[in-house]
Protein chains: 2
Amino acid sequence: MKDIARHAGVSQSAVSFALNGRPGVSEDTRERVRRVAEDLGWRPSTAARALSGEGAATVGFVLARPADTLGVDSFFLQLVSGIQEVLAERHLGLLFQVVEDVSDECAVYRRWWAEHRVDGVLVVDPRTDDPRPDLLDELGLPAVVIGGAPDDRHPGLSTVWADDAGAMASVVEGLYALGHRRIAHIAGLPGLAHTERRIRTLRAEAGRRDLTEVRSVTTDYSDTEAAAVTRRVLEGAAPPTALIYDNDVMAVAGAGAATELGFSVPADVSVVSWEDSALCRMVKPWLSALSRDSAEFGRTAARELIALLDGGSARAVGVPVPRLVERGSTGVARGA
Amino acid sequence: MKDIARHAGVSQSAVSFALNGRPGVSEDTRERVRRVAEDLGWRPSTAARALSGEGAATVGFVLARPADTLGVDSFFLQLVSGIQEVLAERHLGLLFQVVEDVSDECAVYRRWWAEHRVDGVLVVDPRTDDPRPDLLDELGLPAVVIGGAPDDRHPGLSTVWADDAGAMASVVEGLYALGHRRIAHIAGLPGLAHTERRIRTLRAEAGRRDLTEVRSVTTDYSDTEAAAVTRRVLEGAAPPTALIYDNDVMAVAGAGAATELGFSVPADVSVVSWEDSALCRMVKPWLSALSRDSAEFGRTAARELIALLDGGSARAVGVPVPRLVERGSTGVARGA
DNA sequence: ATTAGTGACTAATGCGCATTAGACGACCGG
DNA sequence: CCGGTCGTCTAATGCGCATTAGTCACTAAT
């Protein structure tokens, strides 16, 4: 800026005013300064900006996953891609970190905030009994929870929520209409909020319809565990006629396991994947799946965080209910 | 630090010396200051540190991909996970950005560097005729190229390279030994350096062995294009008896397409995937795949970048040659 | 003709840290 | 007894920017 000031024949303050759209300089000077800055290829130093109270121009994103669990998951990359799209417009950076577990994640938040590294964070995989919202509240670190519940909002946190309950209800309704009475739900990690939500909704829907042979089994989202659970479930007496998997990887693995066991899909068992991706079209039959726009999910979350940073107040916004894309893996229940 | 100084009864400079391990304070004072800092939960402001010449304590990572191409790709997440592991030890942040194409990527580098946002960057997907190395050299931005060639190193850039040539040679040798004489290589994006390297090596290896019916076809890495190309290749006269796919997604899609066409895997065609992941064990038969440790790839790259930031000079380091994991999709060529 | 007011600009300060240039006493050899 | 050296500490400066408090000339109003 000193250079610019010299070249333009004004003071540094004038340059600052000109470049930041502040009053105090004539339009003439402003334009001249702008051109000089352009010529010199000047960009404000984020460090200096941050130091003089403007914030870090960065938001944080922590993924708490054991390294080997980061598998064939299209969700996060798409989510991040959507987040970026919105952040980029405002020239906000995304500081990304992968850690082992939630307590590490909390430590990262503490550090980032203490170091003034971020202005806000995006939190994923909310859990039942989650320490993070309290921590973020305590720190006063602006945050939006991705995939939380619409109700349990903490004072300072925004939430972007997907209607798992509604989606589960519609899936159950569809299967019921096809004559399915015995349904197994191969769920994800037990601690996650959306896992519990889906399980609760399934139970509630089953109750409403008098379905007694409905159950949920939690897993670690892996293909191997999904296959194992599928085998166990199908080998029991009165096996289910429909299987709902909490992600695409498990659905594919499960469908494979079922086939190996001699169950034909969808003649003997219907399969639904709670996540749509190319994977679902890589097996025969193609898997019916709940399709949601993960990138849009990310965009919405990013927009909410920006609103928070701009001084807006916390709120909860929903994203569209996932839509069930019927493919070849769902059909009328045997004997119905 | 002012607070710490007050609490400890010393000057700010003394605090700085104490906390940074600089000489100029007694061990006694140092320890006292450390404890006070600990009690106060002090963390240095990265902004202030950066401003006083210490660098941003951050490295950048740009992924240039059209948003919809970010699919079921386990490679990047694992790579990033490995990178993080090493960066975290040094408390270096990872600034992550997704952009549309390489020219956007260059713009991001320019901006990051001008804004002093990063101390260095990790570059992926090097291309033939790539503008990035020149740009980075020109800017003087420390960088390591992930997946480059061992030779074409620019003065200032380190390279972490995988021995595609060696891997391709061993795959061809294996297939040759099984009696395969007609091989098709369903490659990735034409512009990418490693795509070209694999294609060149395949051609060379074919030449050495007098295999005349060997070819490579470039694609966009998608399952749909892989399936289409597979069909085109297999429906021709004298179809290949072995197919090499440049990633796991294509291999699975291609194997599926082959099966639909009435080709049995591996009786009629052998299939090799140049990327191992859970995907390869989700189809029947399981796919033989070149397995490499993507996380280790990332760790190595991160270590190289840190060495560069520490003032080390640029160099090229290799990672272990991928190993072919033989599963059910490769076998003796029909008629051999 | 004096004052109040306004627009355009400059000087000075602070953000939180690292670092350089001293200040001051203790210790040592001559 | 004195100059020199070392160890321990403090004061002062700068990093690049935003911002606040002036400064100055010029115009409108009394």
Side-chain angles (χ1 to χ4, degrees), chain A residues 1-34 36-38 40-58 91 93 111-119 309 311, chain B residues 1-34 36-38 40-58 91-93 111-119 309-311:
Chain A
M1 280 179 64
K2 210 185 301 184
D3 286 349
I4 300 179
R6 197 148 31 76
H7 280 254
V10 293
S11 71
Q12 282 192 44
S13 329
V15 174
S16 178
F17 292 150
L19 261 21
N20 293 311
R22 291 281 140 88
V25 289
S26 63
E27 265 323 303
D28 228 34
T29 311
R30 193 184 296 278
E31 194 45 46
R32 185 156 38 93
V33 168
R34 277 210 181 111
V36 174
E38 174 84 13
L40 265 51
W42 177 86
R43 295 255 88 203
S45 149
T46 44
R49 268 214 143 96
L51 199 56
S52 40
E54 290 294 273
T58 306
H91 290 274
R111 191 150 47 74
W112 277 356
W113 191 232
E115 292 176 350
H116 297 276
R117 255 180 180 288
V118 298
D119 299 326
L309 297 182
Chain B
M1 280 180 62
K2 210 185 297 184
D3 286 348
I4 300 179
R6 197 148 30 77
H7 281 253
V10 293
S11 72
Q12 282 192 43
S13 327
V15 174
S16 178
F17 292 151
L19 262 20
N20 293 312
R22 290 282 142 89
V25 288
S26 63
E27 263 325 301
D28 228 34
T29 312
R30 193 184 296 278
E31 195 45 47
R32 185 156 39 91
V33 169
R34 276 210 182 112
V36 174
E38 175 86 12
L40 267 50
W42 177 85
R43 296 255 86 204
S45 149
T46 43
R49 267 214 144 99
L51 200 54
S52 42
E54 289 294 272
T58 306
H91 291 274
L92 290 172
R111 190 148 47 73
W112 279 355
W113 192 233
E115 293 177 350
H116 298 278
R117 256 181 180 286
V118 297
D119 300 327
L309 297 182
D310 284 347

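In what follows, every heavy atom counts, from backbone to side chain, and hydrogens, waters and symmetry copies are set aside. A note on names: the letters A, B, ... follow the listed sequences, proteins ahead of strands, and every chain is numbered from 1.
Contact record, A/Gly21 with A/Arg30: CA-NH1, 3.2 Å, taken as the closest heavy-atom pair. Nearest heavy atom pair, residue B/Phe17 against residue B/Val25, reads CB-CG1, 4.1 Å.
When rounded to the nearest whole Å, the span between NZ of A/Lys2 and P of C/dT10 equals 16 Å.
Judged purely by atom type and a 3.5 angstrom limit, B/Arg117 has no side-chain atom pairing as donor or acceptor with the backbone of B/Ala56. Judged by distance alone, the side chain of A/Arg34 and the main-chain N or O of A/Leu19 form no donor-acceptor pair under 3.5 Å. Judged by distance alone, with hydrogens and angles left aside, the side-chain atoms of B/Ser16 form no donor-acceptor pair with the main-chain N or O of B/Gln12 at under 3.5 Å.
Separating the OG atom in B/Ser13 from the CZ atom in B/Arg22 is a distance of 13.5 Å, to the nearest 0.5 Å. With values rounded to the nearest 0.5 angstrom, A/Asp119 atom CG is found 12.0 Å from A/Trp112 atom CH2.
Nearer the 5' end of DNA chain C, as judged by each residue's closest nucleotide, is the contact made by B/Ala47, out of B/Ala47 and B/Phe17. Across the interface with DNA chain D, nearest-nucleotide mapping of A/Ser13 and B/His116 shows B/His116 to be the residue nearer the 5′ end. If you find the closest nucleotide of DNA chain D to A/Leu51 and to A/Glu54, the one lying nearer the 5' end belongs to A/Leu51.
Within residues 24-32 of chain A, the residues having any heavy atom under 4.0 Å from DNA chain C are, by residue number, A/Gly24, A/Val25, A/Ser26, A/Thr29.
When heavy atoms are screened at a 4.0 angstrom cut-off, A/Ser45 is found touching the sugar-phosphate backbone but no base atom.
For the pair A/Glu115 and B/Arg49, the minimum side-chain heavy-atom distance is 4.5 Å or more.
Close approach of DNA chain D to chain A, defined as any atom under 4.0 Å from a non-hydrogen atom of the protein, starts and stops at D/dG16 to D/dT20.
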